[in-house]
Amino acid sequence: RFVDPVTGDFLSDDIQLSDEVFDTSFGSFGINDTGLALQLLNSDSGETLGYVGVDNPVMSWVSVNYETGVLTAQPSQANVGSYELPLSISDPDGAISLETITIEVINVNDAPAAIQISDQSSVQDSSHTINVSSYFSDEDLNLPNSTETVTFSVSGLPGNYVIDSATGEISGTSTNDDVGDHVVTVTATDVAGEAVSSSFTLTINNVNDAPTVTTIADASANQDAAHSFDVWSYFSDIDLAVDPNESLTYVASGLPGNYVIDGSTGAISGTSTNDDVGDHRVTVTATDKAGEEVSSSFTLSIINVNDVP
């Protein structure tokens, strides 16, 4: 029988032999790649059997202590498979038997591994793909006839970005709302449920968007009365939400008399005179930092107030 040399426990429940020692061949037994040390005993007398003449250079991960009869195996992932180990075995009376043991090195699941994913960047409104599979590995994928697979999942992606769970390819088209830095975490999970994660920063760089405008409502004021109103609320620029350096500058044409517009705030103000009475077609233009502009026009009516003759 094989005996654990540390505990002295018989391993027959775990390692099946085809027959007793010295009767026929030992048959085969399996060990995993965490290692195993065994001792061979005569199943009838309980005496330790000695090993002699072991010579199998292919199985360099197997060693035998000829004095104690302890066979030690410490295979690695690369040694997974079936091996035949020839042994010459002697008992204390000098009886020798030539036997062959078939050792099956059984794979133990190895968790996937990951290295740091490089930071990535793209520009707003452009189609973008990243394949992160090369940053992950799993030794079990390299085994002959391997059934191992790795499934990818992700968190922190902007907008409509998605990941292909089978290939690890991330793809999407960003919008203005996605501009900025996004910390993305990718997790690879093997068939056994063991997982590993790696994070990176995905930066979406802004592309200038022209300002937009709705129709400015017509306005009116009485002659000789101070008058002010804002037109900035009719203009918008989505870059104002993502670019702290963005701003709009306002100019106006067609204003009556001493009416003026504040170039920063879009506030129009003035006090009309009798000469300003009537309708005035005013055009306001908003220009962004990149020089893109938009305009809208409205009618400003100055209403006559009777003047004493």
Side-chain angles (χ1 to χ4, degrees), residues 119-130 156-162 171-183 201-308:
D119 291 341
Q120 307 288 323
S121 65
S122 182
V123 293
Q124 167 201 333
D125 300 328
S126 66
S127 178
H128 184 208
T129 60
I130 316 159
L157 285 175
N160 65 2
Y161 274 71
V162 295
S171 60
T173 301
S174 58
T175 67
N176 192 82
D177 291 339
D178 303 321
V179 170
D181 293 335
H182 305 267
V183 177
T201 298
L202 172 58
T203 300
I204 306 300
N205 294 307
N206 185 57
V207 173
N208 186 72
D209 296 275
T212 58
V213 67
T214 59
T215 300
I216 301 174
D218 292 340
S220 62
N222 290 329
Q223 163 200 337
D224 300 327
H227 181 209
S228 65
F229 59 99
D230 291 322
V231 295
W232 65 267
S233 60
Y234 295 95
F235 295 86
S236 62
D237 189 327
I238 58 176
D239 292 327
L240 291 170
V242 296
D243 185 354
N245 296 315
E246 181 65 292
S247 64
L248 294 179
T249 301
Y250 301 91
V251 295
S253 62
L255 287 173
N258 66 1
Y259 273 72
V260 295
I261 189 170
D262 187 309
S264 298
T265 66
I268 293 174
S269 61
T271 301
S272 59
T273 66
N274 192 77
D275 292 338
D276 301 322
V277 170
D279 293 336
H280 304 267
R281 195 62 179 167
V282 179
T283 299
V284 179
T285 300
T287 305
D288 67 13
K289 286 280 190 176
E292 296 197 70
E293 62 184 36
V294 67
S295 298
S296 182
S297 298
F298 68 100
T299 298
L300 173 57
S301 299
I302 305 299
I303 301 170
N304 183 59
V305 173
N306 186 65
D307 296 285
V308 178

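All values derive from a computational prediction rather than experimental measurement.
- Applying the side chain to side chain contact (heavy atoms under 4.5 Å, CB included) test to E293 and every residue at least two apart in sequence or in another chain returns T285, T287.
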field: From CA spacing to verdict: side chain to side chain contact (heavy atoms under 4.5 Å, CB included), V294, Y234
entry: CA-CA 11 Å; V294 67; Y234 295 95; over 6 Å; no
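- Side-chain contact check for D181 and T203: at least one donor-acceptor pair (N or O, by modelled atom type) lies under 3.5 Å.
- Atoms CD1 and CG, on I130 and L202 in that order, are 5.0 Å from each other to the nearest 0.5 Å.
- N176 is listed as a side-chain neighbour of N206, based on a closest heavy-atom distance under 4.5 Å.
- Residues Q223 and T273 have side chains not in contact (no heavy-atom distance under 4.5 Å, counting atoms from C-beta outward).
- The backbone N or O of W232 sits nowhere less than 3.5 Å from a side-chain atom of D230 that would complete a donor-acceptor pair.
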Atom pairs and distances, donor-acceptor, side-chain atoms in residues 249-258, under 3.5 Å, two or more places apart:
{"residue": "N258", "atom": "OD1", "partner": "T271", "partner atom": "N", "Å": "3.0"}
{"residue": "N258", "atom": "ND2", "partner": "T271", "partner atom": "O", "Å": "3.4"}

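- Taking NE2 of H128 as the start and CG of D178 as the end, the distance is 12.5 Å to the nearest 0.5 Å.
- Applying the side-chain hydrogen bond (donor to acceptor under 3.5 Å, both in side chains) test to pairs two or more places apart or on separate chains, those with a residue in residues 208-222 are Q124-D209, N208-D288, N208-E292, T212-S236.
- For the atom pair OG1 of T201 and NE2 of H182, the computed distance is 10.0 Å after rounding to the nearest 0.5 Å.
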Could you pull out every donor-acceptor pair under 3.5 Å between side chains of residues 261-269 and any protein atom, sequence neighbours left out?
{"residue": "D262", "atom": "OD1", "partner": "S264", "partner atom": "N", "Å": "2.9"}
{"residue": "D262", "atom": "OD1", "partner": "T265", "partner atom": "N", "Å": "3.2"}
{"residue": "T265", "atom": "OG1", "partner": "A267", "partner atom": "N", "Å": "3.3"}

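- Counting heavy atoms from C-beta outward, S297 and R281 have side chains that approach closer than 4.5 Å.
- Between I302 atom CD1 and D224 atom CG the span is 10.0 Å, to the nearest 0.5 Å.
- For Y259, the ring pair (Phe, Tyr, Trp, His ring centres under 6.0 Å) partners are H227, not counting sequence neighbours.
- Rounding to the nearest 0.5 angstrom, the gap separating the CG atom in D237 from the OG atom in S247 is 9.0 Å.
- Summarising the geometry of L300 relative to F229, their closest heavy-atom pair is CD1-CE2, 4.3 Å, with the distance given to 0.1 Å.
- Of all non-hydrogen atoms in K289 and N245, the two that sit nearest each other are CE-O, 3.2 Å.
- Here the side chains of H280 and T299 are not in contact, with every heavy-atom distance at 4.5 Å or above.
- With sequence neighbours left out, V123 forms a side chain to side chain contact (heavy atoms under 4.5 Å, CB included) with S126, N205, V207.
- No side-chain heavy atom of S174 sits under 4.5 Å from any side-chain heavy atom of D125.
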task: Show the numbers, then the answer: is there a side chain to side chain contact (heavy atoms under 4.5 Å, CB included) between S296 and V284?
output: CA-CA 6 Å; S296 182; V284 179; 5.9 Å; no
